[in-house]
Every structure is written in structure tokens, then in C-alpha cells.
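The chains referred to below are lettered A, B, ... by the order of the sequence lines, with proteins before strands, and numbering in each begins at 1. These figures come from a predicted structure and were not determined experimentally.
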Amino acid sequence: MKGVKILFIPLMGLVVILIMLILSYGTLGYSPAEYIRSLGEFLLRQSFNVFEKEWWVGSPEVITATLWDYRGLDTVYETTVFYLAVIGCVSVFRLLQPKLAEITKEKEEYALTVIVRVATKIVLAVIILISINIALHGHITPGGGFQAGSAFAIAPLLAIAAFSRYFVEKMGLKINLSHALRSLGLIIIALVALLPLFYFGYLLQNQAKPWSPFPGYPIEVSFLELSGSLFHFDIGEYLNVAMGFLAIFLLLSLPERVFKKDMEVVKSES
Amino acid sequence: MTSIVSQALWIYFYITLIGLIAIAVYGIVVRPNLLKKIIALSILGDTANTFIIFLGFRRGGAAVPIIPTIKPTLEELLWFKETAVDPLPQCLVITAIVINMSVTAFLIALAIQLYRLYGTLDVRKAVRLRG
Amino acid sequence: MEIYPPLPPIMIHSLALAPVTAIVSAFAMPLIGLTIKNRKVWDAFALTISTIVFILTGIGYATVRYLGKPFVYLLGGWPPPVGIVYEVDEFAALLGLVSAFIIWLVVIYGVKYFDSNEDGMEWYYTMLLGLEAGVLGCIYTGDVFNVFVLFEVLSITSYGLVAFWNRRGECIEAAIKYSLIGALATTIYFLAVTFIYASLGTLNMADIAAKIRGLFFPVTGEPYGSIALGVGLFLALSIWAFTVEAGVAPNHFRVLDAYQVSPSTVAALLSAVAANVGFYLLARYLITLLSGARAVETIVNAGLLIVLIMGLVSIIVGSFLMIVQSDVNRILAYSSVLNYGYVCLAIGLATPLGIIAALFHMINHAVAKTLIFLTAGVYVKASGTRRLDGMEGVGRYAPITSALMVIAALALAGVPPFNGFVSKLILYEALLEVNLAPLVIIIVLSSALSLLGYLKIIYHAYTKPPMKDYGKVEPPKAMLWPMIILAALCIILGVASPWIYDMFIEPAAHTIFETDKFIEVAYEFAEKLLIGVRI
């Protein structure tokens with residue numbers, strides 16, 4: 001087997017040189033180019049173009065517009081990939097006796113210094129506020145549901161590292177809450193995607209089009225700039241990603257002794 | 001003169017990316033430690049993302065694809081269209097980042113469970129323990 | 001503005017609703033699992049949803065046949081080059097219908113297969129519904145990046161399902177191997193999509209097919225640089241990714257362990273339904289999109305040759321290694337690799353008869369392989385072990401199941417009048433048509449070897465005297481009826497094959513070659529709806 005591995009390195013070197021030659025002189029010409037692909041130019045021009053309303057999205061953030069409107073189906077399914085990965089983690093870490101995972105006390109002698117604890121509390125509050133801002137402004141400034149959820153995910157991670165898993169659960173962030181809120185976020189996404197069907201429009205449709213009877217989601221509600229369905233999608237996505245990460249971190253931080261006690265029961269049964 | 005130098009620098013950039021892909025594939029296939037395989041997979045995903053962003057770049061004047069005014073006129077839109085980078089690769093990359101992260105999280109969960117059951121992260125030893 | 005012919009709305013939206021229904025119910029499943037702790041409610045929910053999806057795929061198939069040309073569904077209301085479209089021709093609709101049918105039967109079987117106190121069933125059903133959504137979405141879509149995303153949905157649910165029995169070390173280890181190689185393959189496919197966007201500037205399948213032939217869609221305009229090299233890289237990387245998914249040699253190693261240790265329902269689903277997606281995408285990319293175009297002809301022929309050689313290697317590896325195994329699920333895993341070799345060989349020929357053989361064999365293999373995995377699952381459950389020398393004589397306690405296993409074995413080995421024989425006969429004709437007679441001899445030999453493998457199972461399970469009292473082995477009706485339906489299908493597809501060939505298989509396989517209609521249907525939407533757009 002060692003012989004094959006040694007052969008691997010010069011083989012990969014050959015592949016690298018070949019691909020480098022092909023790319024530099026064959027496929028793409030001089031890269032990067034001075035122009036971008038015309039599909040990209042179409043998206044840049046039309047996504048906030050009030051003068052040509054058949055192809056507009058109503059959002060100045062072209063990338064969120066592309067994510068949730070022009071290529072909305074990709075994003076809905078990418079949400080489900082993340083959701084199913086969390087379900088997979090829950091399934092891999094499941095215990096025969098779920099009661100073992102409820103830890104009711106923490107040990108005082110393992111606490112970190114007071115500087116760490118106070119600073120972490122301040123930083124946690126700031127993180128949560130910033131993540132909500134990123135989520136709600138996802139259709140105007142860089143941001144959106146995924147980005148905000150990933151920013152939120154740092155908060156329970158910091159809390160588990162600086163305090164303990166019990167501290168996070170005492171704040172109310174238990175794993176059942178994460179399942180419930182995550183399903184709520186996903187149901188928001190599903191409803192917003194399916195609503196146009198009731199008007200005989202198309203799935204995932206955002207604004208009105210001449211060839212579809214759906215009137216479109218509202219762009220502005222008094223002074224708030226909403227960009228149609230993008231706002232609702234961002235909120236649902238934020239709930240999904242934030243709660244998904246919370247579930248993963250709560251599962252990863254279960255101590256080893258819980259698992260060992262669970263396996264004792266399994267071994268005594270078999 | 002500058003165009004040859006800048007073309008050479010861009011080619012160097014290509015070589016780095018392709019070399020990273022080769023290293024990552026070597027890491028996944030050859031190294032026996034499970035954590036190293038997962039790290040190599042992560043490197044592969046990030047390199048592919050960088051590659052496609054690079055292909056959507058605009059040489060000579062790149063602007064962020066976000067319209068800075070809330071009520072743009074048509075001239076502002078045309079100027080924006082001429083200077084901003086391609087938004088479609090960035091959208092593909094957001095999707096790819098989330099997907100790669102989900103798979104990495106699941107693989108880490110599997111690695112931890114394997115360690116709990118077999119006591120080792122070396123895939124050769126795990127195969128021997130299975131029998 | 002009316003852009004569809006006057007059809008009832010359910011027919012227009014059914015194809016898009018099928019994967020979406022599955023995924024929305026997968027979203028709702030943990031909520032039901034947390035609030036209602038009754039296993040029967042979960043079973044009923046999963047059964048209802050899979051029945052609804054099966055009916056929707058049936059309506060979709062009827063719509064496509066009624067229209068006579070590929071059906072295009074605009075998602076989000078955007079016309080083809082700008083947004084994602086579903087473009088379903090008859091091949092895809094038939095494959096989706098067969099997949100939904102098999103998933104429905106496996107869900108019925110799974111209700112009683114798992115013990116009533118098995119933990120984690122709510123996660124099992126969630127991942128099962130996710131698998132269904134991934135398979136249907138991958139088959140129906142008309143956009144290459146959407147294939148990547150749905151491929152990931154399919155993959156991640158299959159990783160979770162293989163690791164379902166999370167306290168067994170062998171399951172976790174098989175899941176790790178399965179997941180790592182699968183994740184590598186899908187990331188390689190993402191690189192492939194990069195090249196196609198860089199050189200052609202579009203992500204829509206009909207648009208790619210059009211640009212290679214010199215017809216330009218509005219908005220996306222002309223290609224950039226040299227098409228041949230960009231398409232060549234795209235093709236090479238996607239063949240790698242799809243053959244890993246489909247499980248053909250030399251990418252078959254991950255599949256063997258996964259089918260061996262996972263629950264029988266999961267092994268049946270992955271073997272019969274998930275692998276077909278890889279073959280469908282290979283046929284779609286190699287034949288509909290890229291063949292017949294002068295610019296990329298040499299590259300496509302090289303790709304077809306590679307696929308053919310991989311099929312041949314799979315046949316040899318599968319048949320020879322099948323007979324030396326001592327674990328019943330591993331014998332069936334090698335048998336799957338063998339049958340994937342047949343389908344790969346048929347696709348590599350790229351003639352009309354070849355694609356008919358491939359489609360028919362995909363359907364026959366799905367039906368017969370599911371049946372044999374389900375009957376082997378009955379034996380494994382009753383005797384408590386997968387080893388052949390641990391289940392001697394268990395078949396005598398369950399005569400109906402043993403009869404069904406014999407039917408499945410004969411169907412897979414290609415004995416007339418069962419369905420395996422018909423698809424292999426068409427494959428022989430396709431090979432003789434292109435003067436590849438030695439391959440016919442290899443296929444016949446491999447069929448004989450595989451029959452030896454199945455007979456080995458039946459010998460140990462039925463003919464040998466029982467080594468202990470197994471108790472009640474004959475499964476309850478919920479497990480028995482799906483197997484009886486599958487066995488009946490094996491017989492019907494074999495006996496009534498001329499009628500089925502003319503009515504269903506031949507028109508469906510023919511649509512793979514109709515690239516002109518594929519492009520034209522999407523181009524109509526692009527032309528009509530993007531009038532007056534300025535880039």
C-alpha cells in the first residue's frame with residue numbers, strides 16, 4: 001500500500017501542471033476579465049430597477065435578491081441540507097435514556113476568573129444584538145439569514161466555553177426549544193414559498209409578473225423597506241440557522257460520562 | 001511590462017489554488033487520521049469557493065454588488081452595472097459554504113461517536129477492531 | 001398572459017409540488033415527534049405523505065405524456081436563463097414515478113420492520129422524507145447548480161440513514177467512509193459547475209445544450225473562451241462525481257460497507273432509488289446535453305468510453321467477489337455493483353437500444369433488488385445475525401418469504417420469464433448492434449456467477465436443516481404485502497414486457513435523444529417572456 005501512496009504525489013503534481021496550463025492559455029483566456037458574464041450584468045441592472053418592473057426584486061442588495069428570488073429554490077434546499085445535517089447529528093448522538101442528559105448542577109471549583117465571566121456577559125449581549133441587526137437588514141446591507149444565524153451561533157459557544165453547558169440551559173436555551181423554534185422558522189419559509197400557489201402563481205414567486213396572477217409581496221409597509229418575501233425568508237432562515245447551531249453545540253458539549261452510563265445499559269441488555 | 005507581471009501573478013494565484021486542491025485530495029485519501037481527513041475536506045471546499053469567486057472578479061475597478069442609494073436613477077444603475085463584480089458566483093458560494101459546513105458538522109459528530117465506540121480515530125485501527 | 005396550455009392547475013403544479021411536499025413534511029416531523037409520543041401517529045404521517053407524493057408523481061407523469069414534449073415549470077416565475085426551471089421529459093417523469101413507488105412500499109414495510117420500542121424513529125422518518133425530496137428534486141430539475149444542491153440533500157440524508165443504528169461501531173465506521181467519499185465527490189462536482197459557468201456563462205441545462213450547438217438564449221449571450229476545454233473539464237469532474245454516487249467500480253468501495261451494515265429498508269432505498277439518480281444524470285449530461293455537437297465530440301466520446309469501461313470493471317468485480325462472501329447483505333451489495341455495471345455499460349453505448357436497456361434495467365433492478373433486500377431483512381431479523389452460517393434453515397419457518405426470495409433471485413439473475421431476462425436481452429441486442437460480441441459472453445458468465453451467489457443464500461437459509469427453533473419468522477401483513485406487490489411486478493414486467501416496452505419504456509428512452517425539443521421548449525419561454533429586456 002505504501003508504494004501506491006508514493007506514486008500518488010508525482011501523479012498529483014502532473015495533474016496540477018496540466019490543469020494550470022489548460023486554464024491559463026486555453027479555457028478562459030486572460031483571467032480575471034475586464035467584463036463579467038452577461039447574466040451577472042442582467043442581475044445587477046434589474047434587481048432594483050423601478051423603471052422596468054417586470055424583472056425587478058425590490059432589493060438593493062443584489063446578492064440577497066439572487067439568493068432568495070432569482071435562485072430561490074437553491075436556497076430553500078440549502079436550508080434543508082443544514083436542517084437535515086442537524087437532524088443527523090441529533091440522531092447520531094441520541095441516548096437510550098434521554099434523562100441522563102439533564103445535568104442539574106455545576107461544580108463551583110471549575111469556574112473561570114471574574115474578568116472572563118463579566119466580559120463574556122457583555123460580549124454575549126452585543127453578539128445577539130448584532131446578529132438580529134444582520135438578519136433584519138439582510139435585504140438592504142450585506143447580510144441575511146445565514147450570516148446572522150452564524151453570527152448568533154458564537155453566543156452559545158462562548159457561553160459554554162466561559163461558563164458551562166448548565167449555564168446555557170438555565171438561561172432557557174434547551175434542546176427542545178431549539179427544535180421548536182427551528183421548526184417555526186422552517187414553517188415560515190415553507191408558507192412564504194407556498195403562498196403564491198393559492199393565487200395560482202408560481203412557487204417561490206416574489207413580485208408580480210405579467211404572466212402570473214399573483215400580485216406580489218409588499219415592498220414597503222409605511223416607512224419600512226421590506227423587499228417583498230426576502231424579509232420573511234431572512235427571518236425564517238435566521239431562526240433555523242441560529243437554533244440549528246445551538247442544538248449542535250448543546251449536543252457536542254455533553255460530557256463523556258453521560259455516554260458511558262448510557263452504554264452500560266446497552267451492554268447489559270445485549 | 002506591467003501586464004506580463006500582473007498576468008504572471010494571476011497565474012501564480014491559479015497554481016496556488018490548484019495545488020491546494022491536490023493537497024486536499026491527498027489529505028482525504030491518504031492520511032489515516034480522521035480529523036486530518038475532515039480538515040482536508042474543509043480546505044477543498046474553501047479552495048473551490050475561492051476559485052469561483054476569482055472567476056467572477058472584474059479586473060480594473062471592482063465595486064461591491066450592493067446599490068448604495070435607496071432611489072437610484074437610471075444613470076446610477078448603469079454605472080453600477082459597469083463597475084460591480086459578478087453577483088452570481090457569490091450567491092453560489094454562500095450556498096456551497098453552508099452545505100460544506102453542514103457536512104463537516106455531521107462528519108465531526110460521526111468522528112466523536114466513533115471515538116466513543118472504538119477508542120481510536122485512526123481508520124486503519126478501526127477497521128481492525130471491527131473484524 | 002397565458003403561457004401554459006389549458007390544463008387543470010393541479011397538473012401544472014404537481015411536478016413542483018412533489019419534492020416540496022416531502023420536504024415540508026420533513027420540516028414538520030420533529031414537531032410531531034416532540035409533541036405526540038405515539039409511534040403509530042408517526043407511522044401514519046409518513047405513510048400519508050409518501051402516498052401523496054406518489055400520487056403527485058403519477059399526475060406529473062400523466063401531464064408529461066399528455067403534452068408530448070418536456071414540461072417546463074418556472075420557479076419563482078422567472079424564465080429559463082435567469083431563474084431555475086424544472087424541465088421534466090418522459091424519462092425523468094417515469095423514473096420519478098418508479099422511485100416514489102418504491103419509497104412508498106419501503107415505508108409500508110418499515111412500519112413493522114423496526115421494533116415497536118426502537119428509539120429515534122422520528123429522525124428516521126424525517127431523513128426518509130428528506131431522501132425522497134432529494135431524489136425527486138434531482139431527477140426533475142433543469143439547472144446544473146440545482147443538481148448540486150439536491151445531490152447534497154440526497155447525500156446527507158443517506159449518510160444519516162446509514163448511521164441510524166448509532167450504537168453499533170460497524171454502522172458508524174461504514175457511515176464515515178460513505179460520508180467522506182460522498183462529500184469529496186460533491187465538492188468535485190461543485191468545481192465542475194464552476195468551469196461550466198466560467199466558459200459558457202449559464203447554469204441552465206437547455207441553455208448549455210443550446211450554446212454548444214450555436215443557438216444563443218437571450219440574456220446569457222455568447223460563450224467565453226474555448227468551449228471544448230471548459231466543457232471537457234466539466235464532463236470529467238461530473239463523471240467522477242456521479243460514478244461515486246452511483247457506486248460503479250472503481251468508486252464502489254464506499255457502497256459495499258454501507259449496504260452491509262445498515263437496516264434493510266435503508267439498504268433497499270439506497271441501492272434501488274438513490275443510485276438511479278447517478279445514472280439518470282450521467283445519461284442526461286452525456287447524451288441530451290452534450291452529444292451530437294461537433295465542438296465537443298471527441299471529449300464526449302472519450303467520456304462515454306470511460307463510462308463503458310467502468311461498467312465492465314464493475315461487472316467483473318461484482319460477479320467474482322460475490323460468491324466468496326459469507327454475509328448476506330454483502331452478497332447483495334456486490335450484486336448491486338454488478339447490476340450497476342450493466343446499466344453503466346448500456347449508457348456507455350449511447351445508442352437508442354442501449355438507453356432502452358439502461359432504463360429498463362434501472363427499473364427492473366430497483367424492483368427486484370428491493371424485494372431481495374426486504375426478504376433478506378426478514379431472515380436477518382428472525383435469526384439475529386447477518387452471517388449465512390448463523391441463519392441456517394430459517395427459511396423453512398417462513399415459506400411465503402422464501403418463495404418471494406426465490407422469485408427475486410431468479411429475476412436478478414436473468415432467468416425467463418422474469419423481468420431481469422428482458423432487460424438483459426435488450427442489452428445483448430444493443431451490444432451485438434455495435435459488434436461487441438465478447439462483452440455478451442462476459443455478461444452471460446457474470447449472470448451465471450450471480451445466480452450461484454443467490455443460490456448460496458437460499459441453500460443456507462432454506463435447504464439446510466434448522467439449527468435452532470426460530471419461533472415466528474413469517475412477517476406480519478404490513479411487511480408481507482409490499483414484498484408480494486414487488487414480486488407480482490417482477491412477474492408482470494417480465495411476462496407482459498412487449499406491451500410495457502411499447503407503451504412506456506421505448507417512448508421514455510427516446511426522449512433522451514430529443515435534444516432539439518429539450519432546447520426548444522425552454523427557448524419558447526425565454527423568447528416570449530424576455531421581450532424587450534436590456535442587459
Considering only heavy atoms and a distance below 4.5 Å, find which of [options] pairs most often with chain A.
options                    : value
C:P30, C:A16, C:G160       : C:P30
C:I12, C:L203, C:T35       : C:L203
C:P9, C:G83, C:G77, C:G201 : C:G77

Taking side chain as everything from C-beta outward and backbone as N, CA, C, O, which of these in [X] sits under 4.5 Å from a heavy atom of chain A? Side chain, backbone, both or neither.
X      : result
C:P81  : backbone
C:V24  : side chain
C:L75  : both
C:F164 : both
C:F148 : neither
C:I23  : side chain
C:Y86  : side chain
C:L31  : both
C:T157 : side chain
C:L161 : neither

Heavy-atom closest contact ([X] atom, [Y] atom, distance):
X      : Y      : value
C:Y73  : A:L203 : OH-N, 3.3 Å
A:L197 : C:H13  : CD2-ND1, 3.3 Å
A:Y83  : C:A26  : OH-O, 2.7 Å
A:R94  : C:N166 : O-ND2, 3.2 Å
C:W123 : A:S91  : CB-CB, 3.9 Å
C:P79  : A:W211 : CD-CZ2, 3.9 Å

Should [X] and [Y] count as side-chain neighbours, where that means a heavy-atom distance under 4.5 Å?
X      : Y      : value
C:L529 : A:K209 : no
A:F42  : C:T220 : no
C:L17  : A:L194 : yes

Going from [atom1] on [X] to [atom2] on [Y], what distance comes out if it is rounded to the nearest 0.5 angstrom?
X      : Y      : atom1 : atom2 : result
A:Y77  : C:L154 : OH    : CG    : 12.0 Å
C:W78  : A:W55  : CH2   : CH2   : 9.5 Å
A:I87  : C:T126 : CD1   : OG1   : 5.0 Å
A:S183 : C:L34  : OG    : CG    : 7.5 Å

Exercise. Can you say whether A:F93 sits under 4.5 Å from chain C via the side chain, the backbone, both, or neither, judging by heavy atoms?
Worked result: backbone
